[in-house]
Amino acid sequence: MYEIIRKVPRGRVATYAQIAALAGVTRGGRVAAAALKVSQKSDRLPWQRIVGRASEVRGRIAIYDPAGAAHQRQLLEREGVEVTDAWTIDLRRYGWLPTDAGSDRFKP
DNA sequence: CAGGTGACTCTTT
DNA sequence: GAAAGAGCCACCT
């Protein structure tokens, strides 16, 4: 799962459910979230690019801790992702399409 | 084996 | 569209 997360390109974001699905876990949003929660800094993951899915076209920063959320926001903006005042991201503009990185490396 | 949990999300109002 | 509620899945007690 970490390998999949590392494939999300700069300036793009993916949802927890999306990561889980690519890892073979349908409706495993919470699982992906848990995986990130226990990850260590040494894992060098672009964790800031994984967001919750607020609707069909909107992603939302899912960090509850205000400081952590602000941090994620800063990291995203630094790489060109626009985050709204409501802590949401337009997935139509910044959402990652797995085909971008060649999903062929994933074997069911 | 039963029950609880959560950086989630899908469906129904 | 937004707001609730009910699911869901891997893990841990």
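Each chain gets a letter, A, B and so on, in the order the sequences are listed, and its residues count up from 1.
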Between [N] atom [atom2] and [X] atom [atom1], what is the distance in whole Å?
X      : N       : atom1 : atom2 : value
R60(A) : dC8(B)  : CZ    : C1'   : 9 Å
M1(A)  : dC8(B)  : CE    : P     : 13 Å
Q18(A) : dC10(B) : CD    : C1'   : 16 Å
R53(A) : dG6(B)  : CZ    : C1'   : 20 Å
R30(A) : dC9(C)  : CZ    : C1'   : 9 Å
W87(A) : dC8(B)  : CH2   : P     : 15 Å
R49(A) : dA7(B)  : CZ    : P     : 22 Å
K37(A) : dC11(C) : NZ    : P     : 15 Å

Check: [X] side chain, [Y] main-chain N or O, donor-acceptor pair, under 3.5 Å:
X      : Y      : result
Q18(A) : W96(A) : yes
Q48(A) : Q72(A) : no
E77(A) : L75(A) : no
R73(A) : T84(A) : yes

Base, sugar-phosphate alone, or nothing: which one does [X] contact when heavy atoms must sit under 4.0 Å apart?
X      : result
S55(A) : nothing
R58(A) : sugar-phosphate
A17(A) : sugar-phosphate

Which whole number of Å gives the distance between the C1' atom of dT13(C) and that of dA7(B)? 22 Å
Let's test your reading of the model: under 3.5 Å, does the base of dC8(C) pair with the side chain of R27(A) as donor and acceptor? no
Close side-chain approach of L91(A) to T15(A), heavy-atom, < 4.5 Å: yes
Would you say Y64(A) places a side-chain N or O within less than 4.0 Å of OP1 or OP2 belonging to dC8(B)? yes
